[in-house]
2 protein chains.
Amino acid sequence: MHFSKTAEYAIRVLSYLHRHHETSHSVNVLHQELDLPYKYLTKLMTELAKKGLVNASRGREGGLSLARSADTIYLCDILEAIGESLEHERCILGFDKCDALNPCALHDQWVKPKEMIETMLTTTTLASLIQNKETKL
Amino acid sequence: MHFSKTAEYAIRVLSYLHRHHETSHSVNVLHQELDLPYKYLTKLMTELAKKGLVNASRGREGGLSLARSADTIYLCDILEAIGESLEHERCILGFDKCDALNPCALHDQWVKPKEMIETMLTTTTLASLIQNKETKL
DNA sequence: TATTATTACTACCTTTAGATAGTATATTAT
DNA sequence: ATAATATACTATCTAAAGGTAGTAATAATA
């Protein structure tokens with residue numbers, strides 16, 4: 001019951017780019033600042049660039065920056081970009097189809113937690129994340 | 001943002017044992033009735049037996065049955081039995097320590113969904129699961 | 001134009017969850 | 001006792017996520 005490492009990394013990196021949006025940052029800087037595995041980050045950032053969440057430019061003075069305003073980037077956008085869709089319809093017990101008419105044994109109990117998670121993912125933007133000097137990234 | 005396969009299997013099997021508690025059931029029967037991988041189930045049931053959730057007896061007329069009343073078995077007990085603890089303190093962004101004083105960027109947004117999940121896991125018993133003929137197991 | 005700093009690409013390695021195979025051991029009905 | 005039916009144990013395989021290595025392509029700047 002948690003995010004994948006990839007999701008964690010993506011959120012942390014994008015949050016960092018938002019907080020330091022005055023300039024672009026190389027993968028190496030992100031790697032050092034956030035203590036994330038360099039080569040894996042390279043791969044991830046390429047993916048996020050393809051999906052249009054970040055601008056990537058090569059060469060000297062190149063690097064990465066947010067492609068859109070942080071208040072238009074929702075957590076669900078980030079998950080989608082890395083191939084982890086919202087799974088609105090994903091059944092908690094893994095069944096293909098599971099709804100009120102044709103429920104799994106846990107369907108009713110899962111309704112509220114599911115809603116809360118969904119709300120969190122669809123209403124939280126990068127810009128709305130906690131940010132102060134003490135906040136962990 | 002979902003249960004592991006192992007957790008799914010454990011919940012489904014235990015729910016089945018509850019609904020058919022008049023007798024014990026062999027792994028083979030559970031395998032066929034619930035369409036779960038036989039050998040993997042064998043391993044899982046041995047584990048659940050060790051952890052005291054089911055009684056296992058060998059030989060003819062042997063098989064598996066719930067070791068306790070279904071209204072004393074909570075979802076969190078099941079997760080704990082398979083080594084997936086509640087992770088009360090698990091940070092959504094993977095940080096070791098993350099609390100109100102020393103929060104990660106997502107801490108505030110995660111509070112409510114986390115509570116809902118925790119409530120679900122600590123209040124839902126096997127006995128309280130949906131059960132009718134149509135319910136998927 | 002040569003150098004340097006950067007991302008992009010291709011291929012492979014590692015770890016872990018999930019799944020399988022074969023054999024040993026226990027129980028009980030006959 | 002013996003045969004049949006179970007779980008228990010040990011070892012291994014597979015697939016996917018996570019992570020690494022080396023090289024090619026690109027762009028700024030001196």
Side-chain angles (χ1 to χ4, degrees), chain A residues 1-14 17 23-67 79 81-85 87 93-94, chain B residues 1-14 17 20 23-67 78-79 81-85 87 93-94:
Chain A
M1 206 68 66
H2 53 274
F3 283 140
S4 67
K5 283 279 176 202
T6 306
E8 286 179 15
Y9 296 172
I11 294 169
R12 291 176 58 195
V13 163
L14 293 174
L17 290 180
T23 168
S24 66
H25 306 272
S26 69
V27 173
N28 192 41
V29 164
L30 298 171
H31 153 62
Q32 288 177 10
E33 290 295 316
L34 301 175
D35 193 28
L36 303 180
Y38 176 73
K39 284 289 191 178
Y40 196 66
L41 246 195
T42 300
K43 200 189 286 183
L44 174 59
M45 298 317 290
T46 299
E47 193 61 20
L48 293 179
K50 275 183 186 164
K51 294 298 166 53
L53 285 184
V54 298
N55 290 319
S57 65
R58 302 203 235 195
R60 277 194 168 197
E61 307 292 295
L64 302 150
S65 57
L66 285 189
L79 293 184
I82 60 174
E84 300 178 10
S85 63
E87 316 180 20
L93 285 186
Chain B
M1 207 66 69
H2 53 274
F3 284 139
S4 67
K5 283 280 177 201
T6 306
E8 286 177 16
Y9 294 172
I11 294 169
R12 291 175 60 194
V13 163
L14 293 174
L17 290 180
H20 302 84
T23 170
S24 67
H25 306 271
S26 70
V27 174
N28 193 40
V29 164
L30 298 171
H31 153 63
Q32 288 176 10
E33 289 296 315
L34 301 175
D35 193 28
L36 303 180
Y38 175 73
K39 284 289 190 177
Y40 195 68
L41 245 196
T42 300
K43 198 189 288 180
L44 174 59
M45 298 318 290
T46 299
E47 192 63 18
L48 293 179
K50 275 184 186 163
K51 295 297 166 54
L53 284 184
V54 299
N55 290 319
S57 64
R58 302 203 237 197
R60 276 194 167 198
E61 307 291 296
L64 303 151
S65 57
L66 285 190
I78 300 173
L79 294 184
I82 60 173
E84 300 178 10
S85 64
E87 317 179 19
L93 285 185

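Residues His31(B) and Leu41(B) share a closest heavy-atom pair of N-CD1, 3.7 Å. When all heavy atoms of Met45(A) and Val54(A) are compared, the pair lying nearest together is O-CG2, 4.0 Å. Minimum interatomic distance between Leu64(A) and Ala56(A) (heavy atoms only, all atoms of both residues): CD2-CB, 3.5 Å.
In this structure, CZ of Arg60(A) is placed 14 Å from C1' of dT1(C), rounded to the nearest angstrom. The nearest whole Å value for the distance from the NZ atom in Lys5(A) to the C1' atom in dT15(C) is 13 Å. dA8(C) atom C1' lies 14 Å from atom CG of Leu48(A), rounded to whole Å. Counting to the nearest Å, the P atom of dT20(C) and the CG atom of Leu36(B) are 11 Å from each other. As a whole-Å value, the separation of Asn55(B) CG from dA6(D) P is 17 Å. Residue Gln32(B) contributes atom CD, which lies 11 Å from atom P of dA6(D) at whole-angstrom precision. Glu61(B) has its CD atom 14 Å from the C1' atom of dA3(D), to the nearest Å.
In summary, Lys51(A) and Glu47(A) engage in a salt bridge, as defined by a charged side-chain N under 4.0 Å from a carboxylate O.
Counting only N and O atoms by type, the side chains of Tyr40(B) and Thr6(B) include a donor and acceptor under 3.5 Å apart.
Residues Leu17(B) and Ser65(B) form no side-chain contact, since every pair of their non-hydrogen atoms from C-beta on lies 4.5 Å or further apart.
The side chain of Tyr40(B) approaches dT20(C) more closely than any other nucleotide in the set dT20(C), dA4(D), dT4(C).
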Could you run through nucleotides 7-12 of chain D and give me one letter per nucleotide, 5' to 3': B if any protein heavy atom sits under 4.0 Å from the base, S if only the sugar-phosphate is that close, - if neither?
BSS---
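Side-chain nitrogen and oxygen atoms of Tyr9(B) include none within less than 4.0 Å of the OP1 or OP2 phosphate oxygen of dG18(C).
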